[in-house]
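Protein chains get the first letters and strands the later ones, always in sequence-line order, with residue 1 at the start of each. Everything numeric in this text was worked out from a predicted model, so none of it was measured.
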Amino acid sequence: MSQNGKKKALYPYYLRYVLLAALLAIEAIIATALLYPPRVGPAIDLTAPYQPRPEWYFLWIYQLLRYFPGKWAIMGTVLLPSIFVLSFVLIPFIDRGRTGRKKAITAGIILFIALAALTLIPVLTGQ
Amino acid sequence: MIRAITNLLDSWFGIKEPHRNFLARALPEKINVSYCLGGMAFTAFLISLITGLLLSIYYVPSGRDAYSSMVALHDKVWFGWGIRSIHKWSANLLIIFVLLHAVRVFVHRAYRPPRELNWMAGAIGFVLIMASGFTGYLLPWDQKAYWATVVGTSMARTVPGAGPLIETLLRGGPEVAGATLVRFYSLHVLWIPFGLMLVFWAHFHMVKRQGISGGL
Amino acid sequence: MQRRDFLSWLLKSAYGALGLGCLAALPYLYRDGRGDIKTFFVKTIDVDDLPRIGVKQVEFPFRGLTHKAFVVRRDKDLFVLSPVCSHMGCYVNWNFVENEFLCPCHGGRYDMTGRVTGGPPPKPLTRLPHFIKNGFFYIGIRA
């Protein structure tokens, strides 16, 4: 490691890549911001029919609310989202023991498919 | 000239020496571009921080004036729409970068000991970023903001027993009203950014101490 | 007990008490407006404009915002339904074609009496108090 440490050290070798990536991030943000500026939405009106939509990263939870009627609502509002969040936060503890990696990958894939499906259903059906 | 100034600053703060090992440390060979995603996320965070500071110059957090202050930001303030747009998109891209960063760390299994706490710090930071998105969504105080928050806070009511109490706590009253807006404003501009900075400090400190994981 | 042990114990308990004291300040964050809630009767429409049959959306100003409610005439019954969906608090709309109330948020459905006929809502639409005075229809809203 230390023989060619000069070339592999963070400074100055990798720093330029980090700065380049940061620049790319800045440009991506400014470009999208200039291309797709937000509008001023209509003012609060309690009488007009209105279908609210959350931001895309909350669509999954919004969609989840549809599936649990009546007293089951807590499944969609608290229990399932908590399970999703906890399994994400606790990934290092799911990956324990000999079969740990398999369990972690299974959890990760289930999480990904569930969230992707719940996000895509309202986008595609336009509900 | 610049070197003289940095040397002078360093003689006061002594910031170079403790970081020398970190900067000169050889990084694992398998490193690639995907290792920059965390840095890109932090860049997006900094941009949302700066534009947020700029927006707070004109935004009036009150039920009566919030909407008109946002209209004025668009109509009267030079590049007001642009600052708001950059704020919005930096938040969106921040979430995308953080997700990709998490996928990268997951694929490289870089959350394994001794880095499990660092994964959790990042995951909690992600939850805080989502909370920031939720509270920030109300601030324009328009139709979309109002009804999204009605739904978002009503969810708390489904908790057995404590539900109505939590809902009232979130709303600052029985309904989504001016008190809710002030509450969300406080969370969005003070509490959550402060919490995020603590989490980020812990996250980066652990990266510095433990080094970058060598990948698979 | 040693003097030093006693001091250490005292210090720990003092900080413990301080911590508990901070917890006791939590109600600071909880501001319940429920105590101030009353039923306000708001003057709305002329009694001649009440629906002879079916559902009518009535709009009326209250505290700087225009609110709405549904006046329903069914056989001999006249009642007022709150527009607040019992699921997540969105305002429902009356659908003339399907003869039902539809919630735009998660597709909750109610019939003209406010009974849930579909979707996730747990409870029927709330009925609001009302009366007629001097030829005008008054609706009571809780705020």
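- Between chain B and the options Pro54(A), Ala43(A), Ala104(A), Gly76(A), heavy-atom pairs under 4.5 Å are most frequent for Ala43(A).
- Contact check for Trp147(B) versus Leu46(A): side-chain heavy atoms found under the 4.5 Å cut-off.
- Atom CZ of Phe84(A) has more than 12 neighbouring heavy atoms from other residues, nucleotides or ligands inside a 6.0 Å radius.
- With respect to chain B, the highest number of heavy-atom pairs below 4.5 Å among Ile30(A), Ile105(A), Ile91(A) belongs to Ile91(A).
- Residue Ile47(B) touches chain A through its side chain alone, counting heavy-atom pairs closer than 4.5 Å.
- Comparing Pro160(B), Ala123(B), Ala91(B) by heavy-atom pairs within less than 4.5 Å of chain A, the highest count is held by Ala123(B).
- A 4.5 Å side-chain heavy-atom check between Glu55(A) and Asn92(B) finds at least one atom pair inside the cut-off.
- Atoms CD1 and CG, on Ile29(A) and Leu93(B) in that order, are 5.5 Å from each other to the nearest 0.5 Å.
- No more than 12 heavy-atom neighbours from other residues, nucleotides or ligands sit within 6.0 angstrom of CZ on Phe112(A).
- We find the CG-CH2 distance between Leu34(A) and Trp81(B) to be 5.0 Å, quoted to the nearest 0.5 Å.
- Distance alone, capped at 3.5 Å, places no donor-acceptor pair between the Trp141(B) side chain and the Ile44(A) backbone.
- Considering every non-hydrogen atom in both Trp89(B) and Tyr36(A), the closest pair reads NE1-O, 2.8 Å.
- For a residue to count as touching a neighbouring chain, one of its non-hydrogen atoms must lie under 4.5 Å from one of that chain's; by this rule Leu65(A) touches chain B with the side chain only.
- Proximity to chain B (any heavy atom under 4.5 Å) is restricted, for Ile61(A), to the side chain, taken from C-beta onward.
- The structure places OH of Tyr137(B) at 10.0 Å from CZ of Phe58(A), a figure rounded to the nearest 0.5 Å.
- In this structure, chain A has a heavy atom under 4.5 Å from the side chain of Val127(B), while its backbone stays farther away.
- Taking chain A as the reference chain and counting heavy-atom pairs below 4.5 Å, the highest number among Ser90(B), Ser154(B), Gly39(B) is found for Ser90(B).
- Note on Arg96(A) versus Glu116(B): salt bridge recorded, some NZ/NE/NH1/NH2 to OD/OE distance being below 4.0 Å.
- Taking all atoms of both residues into account, the shortest heavy-atom contact from Asp142(B) to Pro42(A) is CB-O, 3.1 Å.
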Evaluate salt bridge (Lys or Arg N to Asp or Glu O under 4.0 Å) for Asp95(A) paired with Arg112(B), printing each intermediate quantity in order.
CA-CA 8 Å; Asp95(A) 189 346; Arg112(B) 274 184 307 169; 5.5 Å; no
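- Taking the side chain as every heavy atom from C-beta outward, Arg109(B) and Arg101(A) approach each other to under 4.5 Å.
- Neither the backbone nor the side chain of Ala156(B) has a heavy atom closer than 4.5 Å to any heavy atom of chain A.
- The neighbour count for Lys16(B) NZ, taken as heavy atoms of other residues, nucleotides or ligands under 6.0 Å away, is above 12.
- The contact between Thr158(B) and chain A is made by backbone and side chain atoms together, counting heavy-atom distances below 4.5 Å.
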Kindly indicate, with the supporting measurements, whether the criterion side chain to side chain contact (heavy atoms under 4.5 Å, CB included) is fulfilled by Met120(B) and Phe93(A).
CA-CA 10 Å; Met120(B) 288 171 72; Phe93(A) 303 95; 3.3 Å; yes
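- Each of Gly100(A), Ala48(A), Ala25(A) has some count of heavy-atom pairs under 4.5 Å with chain B, and the biggest count is that of Ala25(A).
- At a threshold of 4.5 Å between non-hydrogen side-chain atoms, the residues Ile95(B) and Trp56(A) count as touching.
- Residues Phe106(B) and Gly108(A) share a closest heavy-atom pair of CZ-CA, 4.3 Å.
- Heavy-atom distances place the side chain of Val85(A), and not its backbone, under 4.5 Å from chain B.
- The number of heavy-atom neighbours closer than 6.0 Å to CD1 of Ile15(B), taken from other residues, nucleotides and ligands shown, is 12 or below.
- Under the 4.5 Å side-chain criterion, counting only non-hydrogen atoms from C-beta, Pro38(A) is in contact with Lys88(B).
- Residue Tyr57(A) touches chain B through both its backbone and its side chain, counting heavy-atom pairs closer than 4.5 Å.
- The two residues Tyr17(A) and Cys36(B) make their nearest non-hydrogen contact at O-SG, 3.9 Å.
- Note that the CZ atom of Arg157(B) and the CD1 atom of Ile74(A) stand 13.0 Å from one another [nearest 0.5 Å].
- When all heavy atoms of Val40(A) and Tyr67(B) are compared, the pair lying nearest together is CG1-OH, 3.7 Å.
- In this structure, Leu24(A) and Met40(B) approach most closely via the heavy-atom pair CB-CE, 4.4 Å.
- Only the side chain of Phe97(B) comes within less than 4.5 Å of a heavy atom of chain A; its backbone N, CA, C and O stay farther away.
- Counting heavy atoms from C-beta outward, Ile26(A) and Thr43(B) have side chains that approach closer than 4.5 Å.
- Ring centroids of Trp119(B) and Phe88(A) are separated by less than 6.0 Å, placing the two rings close together.
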